[in-house]
A.B. asks: 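Quick one: structure below, then a few questions.
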Amino acid sequence: MNISNYLCIVISLYIFTLGIFVYLLPDRKKVKTNFSILCMLIAIWVISFTLRQFVKSEYRHLAFDWMLIPTIFFPILLDRIVTLISNPNNKISKVKFATLLTLSSYFSIAAFNCSYSIIIDTDNFTYTSTIHYHFLILYQISYSCFCAYKLKNYTNTFRGNQKVQFKLMSLGVIIILIFAVTFIYILPLMGIFQSYLATIGAIIALSLWSVAILQHNAFELKSDILSGKYVPLLKRITLYPFLGIFFILDPKEFQILSHEFKSNTVSDFLSSDLILKSTTNLNTNKRAEVLARKYNNYLK
């Protein structure tokens with residue numbers, strides 16, 4: 001196998017594993033379920049770049065068009081994730097549901113009928129696009145841009161944690177659009193077929209989105225870690241990068257929340273000292289030793 005196959009296998013496994021880990025974490029199940037489904041579909045799409053090469057030549061036109069089926073649902077799931085982050089209780093309207101059902105049905109039927117492309121070289125997967133393929137790309141770009149527009153509005157509306165979440169989501173949308181439009185649409189029109197490189201944009205975007213989804217209460221999570229409570233590994237790993245991004249993107253709100261976090265810590269410290277003083281006979285030095293052990297992580 002060449003390097004493109006190894007790249008797709010590694011990226012597919014990473015995305016699949018990321019989706020599983022995020023789904024298994026508690027709370028915010030609606031957001032995490034939609035994100036995990038998105039990861040599964042993107043993982044299937046990515047691995048298809050490798051699997052299609054093992055299909056017999058006479059069936060490769062099927063493999064080429066059928067691998068596009070998962071992509072039909074990418075912008076739908078992205079829109080749902082963005083909406084649920086802003087409003088966890090949101091329910092999709094009947095009109096929107098009917099519209100999306102109609103569009104996804106049309107694009108799915110076109111894929112099953114192999115209406116997206118005319119294969120020129122089955123060995124190298126070179127092709128010419130049909131009008132249905134142009135419609136599919138237009139739908140995906142338009143819907144993704146709509147998600148980016150919503151994210152921009154949310155960024156101006158929300159503060160703190162959510163503001164940073166939406167900025168990370170926006171950055172992910174921009175990155176995946178640049179890679180997808182370049183390697184899946186523009187370059188093939190010019191006769192350059194390196195579509196598998198679009199998967200690099202997918203892995204970057206999904207990594208950013210996973211951080212945005214997991215870190216919905218960063219300072220509370222920081223307090224849990226420092227106090228010794230159990231925090232899942234994925235949340236631990238992504239916390240401090242998120243806080244660093246938070247400081248860069250919204251320094252004013254970061255300082256406010258950081259000051260609040262420190263004030264709560266000091267308040268808890270003083271309360272603990274008061275309890276020790278009123279319930280024990282420990283002198284100042286002994287109480288200091290007890291508190292130093294209890295707040296050891298805070299004092300590092």
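Residue numbers start at 1 and run along the sequence shown.
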A.B. asks: Within this structure, what is the OG1-CG distance for the pair T83 and L151, rounded to the nearest 0.5 Å?
C.D. replies: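 If I round to the nearest 0.5 Å, the distance is 9.0 Å.
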A.B. asks: Before accepting this row, confirm whether a basic side-chain N of the pair K235/D224 lies closer than 4.0 Å to the acidic partner's carboxylate O.
C.D. replies: no
A.B. asks: Between CZ of R80 and NZ of K96, what distance do you get to the nearest 0.5 Å?
C.D. replies: 7.5 Å
A.B. asks: Nearest 0.5 Å please: distance from the CG atom of L168 over to the CG atom of L208.
C.D. replies: 6.0 Å
A.B. asks: Does the S104 side chain pair with the main chain of L101, one donor and one acceptor, at a distance under 3.5 Å?
C.D. replies: yes
A.B. asks: To the nearest 0.5 Å, what is the distance between NZ (K29) and OG (S36)?
C.D. replies: 7.5 Å
A.B. asks: Report yes or no: do Y106 and H132 form a side-chain donor-acceptor pair below 3.5 Å?
C.D. replies: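 A donor-acceptor contact under 3.5 Å links the two side chains.
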A.B. asks: Which heavy atom in R60 sits nearest to a heavy atom in V55, and how many Å separate them?
C.D. replies: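 Closest heavy-atom pair between R60 and V55: NE-O, 2.9 Å.
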A.B. asks: Tell me the closest heavy-atom pair linking A202 and I42, and the distance in Å.
C.D. replies: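 Heavy-atom minimum between the residues: CB-CG2, 4.0 Å.
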A.B. asks: Once rounded to the nearest 0.5 Å, what's the spacing between atom CE of M40 and atom CZ of F35?
C.D. replies: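 Going from CE on M40 over to CZ on F35, the span is 8.5 Å.
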A.B. asks: Check whether any side-chain heavy atom of F261 sits under 4.5 Å from a side-chain heavy atom of L257, and report yes or no.
C.D. replies: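 The answer is no; the side chains never approach within 4.5 Å.
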A.B. asks: Is it possible for you to check whether K163 lies under 6.0 Å from the centre of the six-membered ring of Y154, through NZ or CZ, and within 45° of that ring's axis?
C.D. replies: no
A.B. asks: State the CZ-CG distance between F74 and L41, to the nearest 0.5 angstrom.
C.D. replies: 6.0 Å
A.B. asks: Return the set of residues passing side-chain contact (heavy atoms from CB on, under 4.5 Å) with T238 (not counting sequence neighbours), or none when no residue passes.
C.D. replies: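 T238 satisfies side-chain contact (heavy atoms from CB on, under 4.5 Å) with V211, L214, Q215 only.
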A.B. asks: To check you understand the geometry: which heavy-atom pair defines the closest contact between A218 and L239, and what is its length?
C.D. replies: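 So the minimum-distance heavy-atom pair works out to O-CD1, 3.4 Å.
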A.B. asks: May I ask you to test the L62-C114 pair for a side-chain heavy-atom distance under 4.5 Å?
C.D. replies: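 Touching, per the 4.5 Å side-chain cut-off.
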A.B. asks: Please give me the minimum heavy-atom distance between V82 and F166, naming the atom from each residue.
C.D. replies: O-CE2, 4.1 Å
A.B. asks: Can you tell which of F112, Y116, F73 makes a side-chain contact (heavy atoms from CB on, under 4.5 Å) with F107?
C.D. replies: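 Exactly one pass, corresponding to Y116.
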A.B. asks: I need the minimum non-hydrogen distance between T155 and K167, along with the two atoms involved.
C.D. replies: CG2-CE, 3.4 Å
A.B. asks: Quick one: does Q140's side chain have a donor or acceptor within less than 3.5 Å of a partner on T71's backbone?
C.D. replies: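 Checked: pair present.
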A.B. asks: Look at the side-chain heavy atoms of Ile, Leu, Val, Met, Phe, Trp and Tyr, link any pair under 4.5 Å apart, and say whether L233 and L25 land in one connected group.
C.D. replies: no
A.B. asks: Verify the neighbour count for atom CZ of F16: are there more than 12 heavy atoms of other residues, nucleotides or ligands below 6.0 Å?
C.D. replies: no
A.B. asks: Report yes or no: do S117 and D65 form a side-chain donor-acceptor pair below 3.5 Å?
C.D. replies: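 On atom types as modelled, these side chains qualify, holding a pair under 3.5 Å.
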A.B. asks: Which pairs would a plain distance check flag for residues 184-201, meaning a side-chain donor or acceptor within less than 3.5 Å of a matching protein atom at least two apart in sequence or in another chain?
C.D. replies:
unit_1	atom_1	unit_2	atom_2	d
Y185	OH	H134	ND1	2.7
S195	OG	F183	O	3.4
T199	OG1	Y196	O	2.6

A.B. asks: Do N264 side-chain atoms and E260 backbone N/O form a donor-acceptor pair below 3.5 Å?
C.D. replies: yes
A.B. asks: Indicate yes or no: at least one non-hydrogen side-chain atom of T157 is less than 4.5 angstrom from one of Q162.
C.D. replies: no
A.B. asks: Under 4.5 Å between any side-chain heavy atoms of Y133 and L68, yes or no?
C.D. replies: yes
